[in-house]
Structures are given as C-alpha cells and as structure tokens.
4 protein chains.
Amino acid sequence: MTVEQKKGRAATGGAVLRQRVTEAITEAAFAELAEAGYARMSMESVARRAGVGKAALYRRWPSKQAMVTELIGSRVSEALPPTPATGALHTDLRELLATFRDQLAHPLLARIAAALFAEASHDGALAEGLHTGVTAPRREAARTILQDAIDRGELPPELDLDLGIDLLIAPLAFRVLVIQGRSDDEYLETLTNAIEAALKAAVR
Amino acid sequence: MTVEQKKGRAATGGAVLRQRVTEAITEAAFAELAEAGYARMSMESVARRAGVGKAALYRRWPSKQAMVTELIGSRVSEALPPTPATGALHTDLRELLATFRDQLAHPLLARIAAALFAEASHDGALAEGLHTGVTAPRREAARTILQDAIDRGELPPELDLDLGIDLLIAPLAFRVLVIQGRSDDEYLETLTNAIEAALKAAVR
Amino acid sequence: MTVEQKKGRAATGGAVLRQRVTEAITEAAFAELAEAGYARMSMESVARRAGVGKAALYRRWPSKQAMVTELIGSRVSEALPPTPATGALHTDLRELLATFRDQLAHPLLARIAAALFAEASHDGALAEGLHTGVTAPRREAARTILQDAIDRGELPPELDLDLGIDLLIAPLAFRVLVIQGRSDDEYLETLTNAIEAALKAAVR
Amino acid sequence: MTVEQKKGRAATGGAVLRQRVTEAITEAAFAELAEAGYARMSMESVARRAGVGKAALYRRWPSKQAMVTELIGSRVSEALPPTPATGALHTDLRELLATFRDQLAHPLLARIAAALFAEASHDGALAEGLHTGVTAPRREAARTILQDAIDRGELPPELDLDLGIDLLIAPLAFRVLVIQGRSDDEYLETLTNAIEAALKAAVR
DNA sequence: TTCTAATCGAGACGGTACGTCCCGTCTTGCC
DNA sequence: GGCAAGACGGGACGTACCGTCTCGATTAGAA
C-alpha cells in the first residue's frame with residue numbers, strides 16, 4: 001500500500017450522499033429565496049425544507065451569505081449563453097439583449113442579485129465574487145460583440161469600449177430590475193436601434 | 001408675559017424637545033447606515049448612538065424599514081435639483097447627468113438605495129414608497145427635458161419617452177452603483193454624446 | 001435636579017415584572033432538573049416551560065451551570081436550619097442528623113447537588129461556590145455543636161474538629177446520596193450512638 | 001505461507017487488531033476523562049486522540065455513558081485489593097482505609113465516579129452497573145472484616161453491619177472526594193481509632 | 001404655582017435566527 | 001467484516017436584534 005493510496009483511502013466516502021444532500025439544500029434554498037427574499041430567508045428554514053441538519057449547510061458554506069452567493073453565482077454561470085456571432089452588429093445586439101432580458105426576467109435571480117449587489121457595497125469579498133461570477137462574464141460577451149463590429153468597420157475604432165458596454169447592459173437591466181416595467185420584443189427592437197446609434201457616437 | 005407669548009410657548013414647547021430627539025436619531029441613523037449598510041444597521045445601535053431610548057425610534061416610525069425609507073426618501077427629495085432648462089438638449093443633458101452623478105456619488109444614499117430597491121421586490125409598500133419618493137421625481141425631470149427637446153424639434157416626436165428616460169438614467173447609474181467605476185467629466189461628455197445619438201434613434 | 005436623581009432615574013424600571021419572570025424561570029428550572037437531571041436539562045426547555053425567552057435566562061445568569069448553581073445554592077441556603085442547642089451532645093447530634101437527612105431526602109436537591117459536586121472537580125469557580133454556599137455553612141453548624149460539647153466537657157479538648165465533622169456528616173450523606181438506602185429514625189438513633197462514641201475517640 | 005499460517009492469521013488477525021484498537025480507545029478515553037471530566041469529554045475527541053473512527057467506539061459500546069461506565073468499572077475492579085486479614089480489627093481497618101484512600105486519591109477515578117454516581121440518580125441501569133462494579137465489592141470487603149472481628153469477639157454480634165460499613169467508608173470518601181482535604185497517615189490513624197470506637201457502639 | 005399629560009432614557013420582555021458543537025448513525029473504499 | 005474518515009439529522013449552546021412593554025424622571029402647557 002503506497003502512501004498515496006493510504007491518504008486517499010477514505011477521501012471519497014459518501015460522495016453520492018453528499019451530492020443528494022447538496023441538491024436538496026440547493027433546491028430548498030432557491031425556493032426560500034424566491035418566497036422570502038435574501039433578508040428574510042433563514043438557514044434554519046432552508047435546512048428544515050431540505051430535510052437536513054443545519055450543520056449540513058455550514059459544512060458546505062461558512063455563512064448564509066456565502067451560500068447564497070455561490071448558489072446564485074453558479075446558477076447564473078450555467079445560464080451564461082454563448083456570445084452571439086451573427087456577423088452583423090444589429091442582430092448580435094438584439095440577440096444579446098434578448099438573452100439578457102430572459103435571464104433578468106427570471107424573478108428569482110433578479111431579486112436576489114439585487115440584494116447581493118447592495119450588500120457588496122459593504123463587503124469586498126462579496127463584491128469580488130459578484131464581479132467574477134456575474135458581472136465580468138457578461139461584460140466580456142458584450143465586449144466581444146463590440147470588438148467584432150469594430151473589426152468589421154461597423155463601429156468606429158475610437159469607441160470607448162467600457163462606455164459601450166454600459167450602454168448595452170444598463171438600460172435593459174434598469175427597466176427589468178428597478179422599474180420592473182415591460183420589455184417585450186417591440187421594446188427590444190427600439191432599444192437595439194437606440195443603442196446602435198449610441199455606440200456609433202460613443203467615441204472618445 | 002402676554003397671553004400670546006404663553007400660547008406660543010404652549011404650541012411649540014414639546015415640539016422643541018421632539019425635534020431635538022428626531023434630529024439626533026436622524027444623524028445617528030445615517031451614520032450607522034453609512035458604516036454598516038442597511039442589513040447590518042440595528043435599531044439598538046442607532047438608539048445608543050443617538051443617546052435615546054429605542055422607544056423614541058418606534059414612536060416615530062413603525063419599523064426599521066419604515067424609518068430608513070422615510071429618512072432616505074426625505075434626504076433624496078431635498079437633494080432634488082431644479083430641472084435644467086438651458087434651451088438646448090445637449091447642455092440640458094449634460095447638466096442633468098452631472099447632477100445625477102453627484103447625487104449617486106454620495107456613498108450613503110447610493111448604497112442604501114440599492115438595498116432598499118432589492119428589498120422592494122418583496123415588499124409592495126416599500127416599492128411604492130421608493131417609486132414615489134425617489135424614482136418618479138427623477139424620471140419626471142428627465143421627461144421634461146426630453147419633451148422640451150421634442151417641442152424644439154431637437155428630437156423626433158415619435159420618441160419613446162420611457163425608453164428615452166431609461167437611456168438617460170441607466171448607464172450612469174450602473175457605472176456608479178454596480179460597476180463602481182469612474183465617471184469624470186470626460187466620461188460624462190462622451191456619454192452625453194452617445195445618449196443624444198441614441199435618443200434620436202429611439203423611435204417606435 | 002441632582003446628579004443622583006438623574007442617575008437613578010430609570011434604574012428601577014420593571015422590578016415587578018422582573019420578579020415575576022425570575023419566579024417563573026426558577027420554578028421551571030427546578031421542575032426540569034427534577035425530571036431530567038442537570039445534564040439532560042436544557043436552557044431552551046426551561047425557557048419554554050417558563051413561557052419566557054432564552055434571553056431572559058441569560059440576562060440573569062451567564063450560563064446553564066451558573067443558573068443551576070445559584071438556584072440550588074439559594075434554595076439550600078434558605079433551607080439551612082438553626083444550629084441545634086439542646087444543651088446535650090446526644091440530642092444536638094440527633095437533631096442535626098435528622099435535619100440533615102430531611103434536606104438530603106429532598107430528591108431534587110440531592111440529585112443535582114451530586115452532579116454539581118462532580119463538575120466541581122473540573123471547575124474551580126463552581127467548587128468555590130459550592131463550598132461557600134453549601135458545604136461551609138453545614139460544616140460550621142457541626143463545628144458549633146462539637147465545640148459546645150467540648151466546652152461542656154462532653155468531648156475531649158484534643159478532638160480533631162475537622163475529622164469530627166467528617167464523622168458527623170459523611171455516613172448519612174453517603175447512605176442517602178450514594179447508597180440511596182433507608183435512613184429512618186431507628187437507623188438515625190444507632191448512627192447517633194456510633195458517632196458519639198467515635199467523637200470521643202477521635203483525638204489527635 | 002502455509003495454509004495453517006494463513007488460517008491462524010485469519011483466526012487471530014482480526015482479534016489482534018481489535019485488541020490494539022480497544023487499547024488505544026481505552027487509553028484515549030481515560031486521558032480525556034482526566035483532562036475534561038465526564039460531561040465535557042466527547043466521543044469525537046476520544047476517537048481523534050486514539051486515531052480511530054467514531055464507529056470503532058460505537059461498535060464496542062452503545063453510548064458514551066456505557067463506554068465510560070464499563071471502562072471505569074473494569075479499572076476499578078482490577079484495582080480491588082485483597083481483603084486485609086491481619087487477625088486484628090485495628091490493623092485490618094487501617095489497611096483497608098489506606099488502600100481505599102490510595103484508590104480515591106487517583107484523581108481520574110475519583111472525579112469520574114462522582115459524575116457517574118450523579119447521573120445514576122436518573123438512570124437505573126447506570127445505578128445498577130455502578131452498584132455491581134464499584135460499590136458492592138468494596139462494601140463486601142468491609143463486611144468481611146467486620147464479620148471476622150465479630151467472630152473473634154472484637155465487635156459485638158449486635159453490630160448493624162450496613163451502618164458499620166457506612167462508618168468505615170463514608171468519612172474518608174467525603175474527605176477525599178468532596179472536601180478534597182488532606183488524608184495523610186496521621187489523619188488515617190486518628191480516623192481508624194474513631195471508627196473502631198464507633199463500630200463498638202453501632203448496635204441495634 | 002400646581003397639576004396633567006406627553007415624552008423622555010433605560011432596558012427587560014417573548015421571539016427568531018445566527019453559527020458552533022456534539023450525539024449516535026450511516027456510508028464509503030481500503031485492507 | 002472490521003477499519004479510518006467523516007457526513008448525516010437532530011438538537012442545545014450562548015449571542016444579537018426585532019418590535020413591544022414598563023418604569024420613574026422630566027418637561028412644558030393649562031388650570
């Protein structure tokens with residue numbers, strides 16, 4: 001028996017059970033978050049709903065905030081769509097906006113994300129986690145679209161990319177999250193037109 | 001002492017003490033909010049900091065949320081600047097955006113407002129309060145600017161006003177609140193140009 | 001308004017309520033101790049039984065052990081009988097032993113005291129508390145009886161007082177607490193005779 | 001390797017391992033008991049200290065209490081000295097008391113025994129176990145000495161044996177366990193004299 | 001001036017959730 | 001089939017706040 005074998009001997013014990021429990025917790029947590037929101041959700045109710053001891057939660061995450069952050073982050077990540085590449089700025093834009101709207105429209109993610117972003121002002125680690133897991137990938141997708149359009153000559157090379165990304169993401173996010181207003185296809189089409197015009201003018 | 005003086009004293013006497021206490025609470029609440037954020041602020045620490053009993057708080061507001069909402073709402077309202085009316089869309093826009101940025105840059109209001117908007121997803125009354133006290137007045141200012149520009153022929157009459165307002169407010173809000181990025185005068189100038197172009201294209 | 005008046009202003013708030021709550025807790029704690037014993041008694045069940053928040057317990061005592069120690073200590077203290085002074089060693093002895101037996105026979109105090117003495121081996125503060133509140137007063141009563149008997153010439157002046165006290169207390173305590181055997185009046189009479197003989201021989 | 005060797009290993013191999021594990025647990029348990037006492041000792045720390053899994057403990061004993069009871073019981077039994085038979089009550093007594101003191105002075109057994117006797121008030125099985133394993137054998141030794149002395153005419157035939165045993169055991173036990181006072185040879189000599197006198201008077 | 005009624009600071013109240021620890025059981029893969 | 005490792009459900013620990021309550025002192029206004 002080698003040392004490696006000995007060390008690894010019991011390392012995998014209960015992987016199946018662990019998986020089952022983790023899934024029960026995840027499901028319960030999302031349900032509680034949807035019903036009560038982040039502030040009113042309690043670890044005790046999640047554990048109760050999952051049919052699980054509180055320790056099972058704290059064995060996986062060090063705190064309520066850590067649990068919710070990770071759950072949201074992974075759910076959001078797996079929902080990250082492929083960057084559109086239709087070959088034309090207008091269609092790329094519309095596709096990205098539609099995808100973005102569909103994600104934002106998911107009431108659960110939207111509501112919780114808002115609470116997390118709010119908390120992030122007072123918690124550097126949380127801010128970092130949200131940036132890495134949520135914000136950055138989406139901004140990167142937008143950046144790719146814009147850069148492609150510049151390469152094709154559809155947008156001026158002097159475009160301020162960061163500002164461009166803001167223009168792309170912000171109006172829709174505000175409408176859905178803060179105003180909680182409509183964002184149907186007609187709205188999206190008009191918005192696409194407006195953003196396209198804005199991008200062409202957003203030069204340093 | 002004349003009767004009038006006596007009456008005058010009678011009308012304001014208790015009110016003076018009450019006013020003093022209210023001010024102490026308000027100041028303490030803003031300080032705690034700034035240091036700890038909405039979620040971590042406690043009514044007990046506010047009372048302690050203000051040197052008053054907890055009952056003094058609950059005599060004025062029915063709950064923590066109500067207190068913070070009202071405090072934020074009134075502070076935000078008194079900070080509402082006059083709507084710019086320079087006679088030209090571009091300057092109106094830039095002035096509004098600069099004002100808006102200065103308000104958002106106030107770290108306290110920004111952070112707390114985020115937490116409150118997050119909570120609003122689960123609390124209709126809070127949502128209503130925020131809309132009336134925070135959102136609506138600002139959107140109205142933007143609407144006025146846009147309508148004036150339409151009237152002057154600077155913007156097409158078919159402009160989707162709601163979308164136009166989103167375009168005006170959202171990118172800056174996102175940059176300051178979520179991205180927490182820079183928003184200096186240069187950025188603002190480019191943003192103004194981009195928004196102006198977008199508005200001209202945002203027709204139904 | 002003097003400083004004293006100002007300082008004392010709110011110091012007495014809720015004394016009546018406090019008293020009521022303390023009594024409810026005390027009663028519930030004794031009941032739980034009787035039913036479950038020290039180890040199995042929980043602060044939560046005491047609070048529930050008393051119709052009281054857990055904080056009400058922890059506002060009064062810093063821990064479960066402190067609460068039980070104090071409750072037992074005070075109950076035992078108030079049960080401390082006057083030292084017998086019949087003028088004769090034999091009757092003093094019998095009276096003291098009878099009193100002692102009656103206290104020990106109280107099933108609650110006996111059982112809990114045993115658990116506390118056991119814990120005391122590992123907790124200096126607890127040991128100190130038990131000595132001061134429980135052990136010392138009883139030993140003092142015994143010492144008085146013995147000294148009186150020496151003064152009257154019923155016992156030799158060379159009597160080892162500490163040993164004498166052991167002889168007086170220990171056999172009965174063991175019978176009741178450890179053996180849990182009978183200790184009726186007949187037994188007590190024989191025991192009194194035996195102890196009296198022992199005391200006369202317990203010289204250094 | 002021959003078949004016999006293989007078979008022999010098969011037959012004893014498991015037993016040897018089991019024995020080694022049992023010893024490691026026993027040693028760890030006594031160490032933890034000594035350091036923390038019964039209440040604060042945890043099965044988890046015992047397992048960790050012994051370098052074994054918790055299941056190894058629960059495969060051997062059904063509960064923490066059962067484990068400690070059995071461990072203490074067997075240790076105490078193997079420490080049971082031969083009943084003294086010097087041919088004279090005084091020397092028998094002194095020898096028994098000295099042995100008893102030496103056993104009680106063992107800090108581990110003493111402290112744990114106290115906690116177990118306390119728990120026994122609420123647990124009949126534990127009480128039974130302690131009586132059989134700890135109390136009864138020692139009382140029997142004392143009984144033998146007393147009966148021998150009666151047979152030799154050193155003690156009256158009317159002696160209440162149970163009371164006699166109490167007189168023998170209790171004062172020393174109290175001194176060592178509860179008072180935690182000194183019990184040197186000088187004390188023991190005086191005590192022996194006193195008990196001898198008491199025994200002669202302890203008649204029904 | 002004396003009375004009255006509101007408000008004050010202090011802090012205890014019942015409750016709920018936090019994150020930690022340990023019980024006795026269960027599961028896994030190695031030996 | 002026993003082993004070490006360690007996750008499992010359960011439940012108590014002691015802490016922190018919530019929003020409510022009670023207390024006696026303070027404060028002005030009205031009588």
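Sequence lines set the chain letters: A, B, ... in the order given, protein chains first and strands last, and positions in each chain run from 1. Fair warning: this is a prediction, and the values are worked out from it, not measured in the lab.
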I need the full list of side-chain hydrogen bond (donor to acceptor under 3.5 Å, both in side chains) pairs touching residues 62-73 of chain C, with sequence neighbours left out, sorted by first then second residue. C/Trp61-C/Glu70
Without decimals, in angstroms, what is the distance between A/Lys64 NZ and E/dT16 P? 16 Å
Can you work out whether C/Arg60 or B/Arg60 has the more 5'-proximal nearest nucleotide on DNA chain E? B/Arg60
Would you mind reporting whether C/Arg60 and C/Met67 have side-chain heavy atoms less than 4.5 Å apart? no
Check the phosphate of F/dC3 against D/Arg59, side-chain N and O only, distance under 4.0 Å to OP1 or OP2. Yes or no? yes
By nearest-heavy-atom nucleotide on DNA chain F, the more 5' of A/Val21 and C/Pro62 is A/Val21
Grab the two heavy atoms, one from A/Leu33 and one from A/Tyr38, that are nearest each other, plus how far apart they are. CD2-CA, 3.7 Å
Rounded off to whole Å, could you give me the CZ-to-C1' distance for the B/Arg20 and F/dT27 pair? 10 Å
Residues in residues 29-58 of chain D with a heavy atom under 4.0 Å of DNA chain E, by number, are D/Met41, D/Ser42, D/Met43, D/Glu44, D/Lys54, D/Ala55, D/Tyr58
Atom CD of C/Glu35: over 12 foreign heavy atoms under 6.0 Å: yes
Give me the atom names and distance for the closest heavy-atom approach of D/Ser74 to D/Leu71. OG-O, 3.1 Å
Measure the distance from CD on A/Gln65 to P on E/dG19 and round it to the nearest whole Å. 10 Å
Nearest atoms (heavy-atom pairs only) where A/Val21 meets A/Ala56: CG1-CB, 4.2 Å
Under-4.0 Å side-chain N/O to phosphate OP1/OP2 contact, B/Arg18 with E/dT7: yes
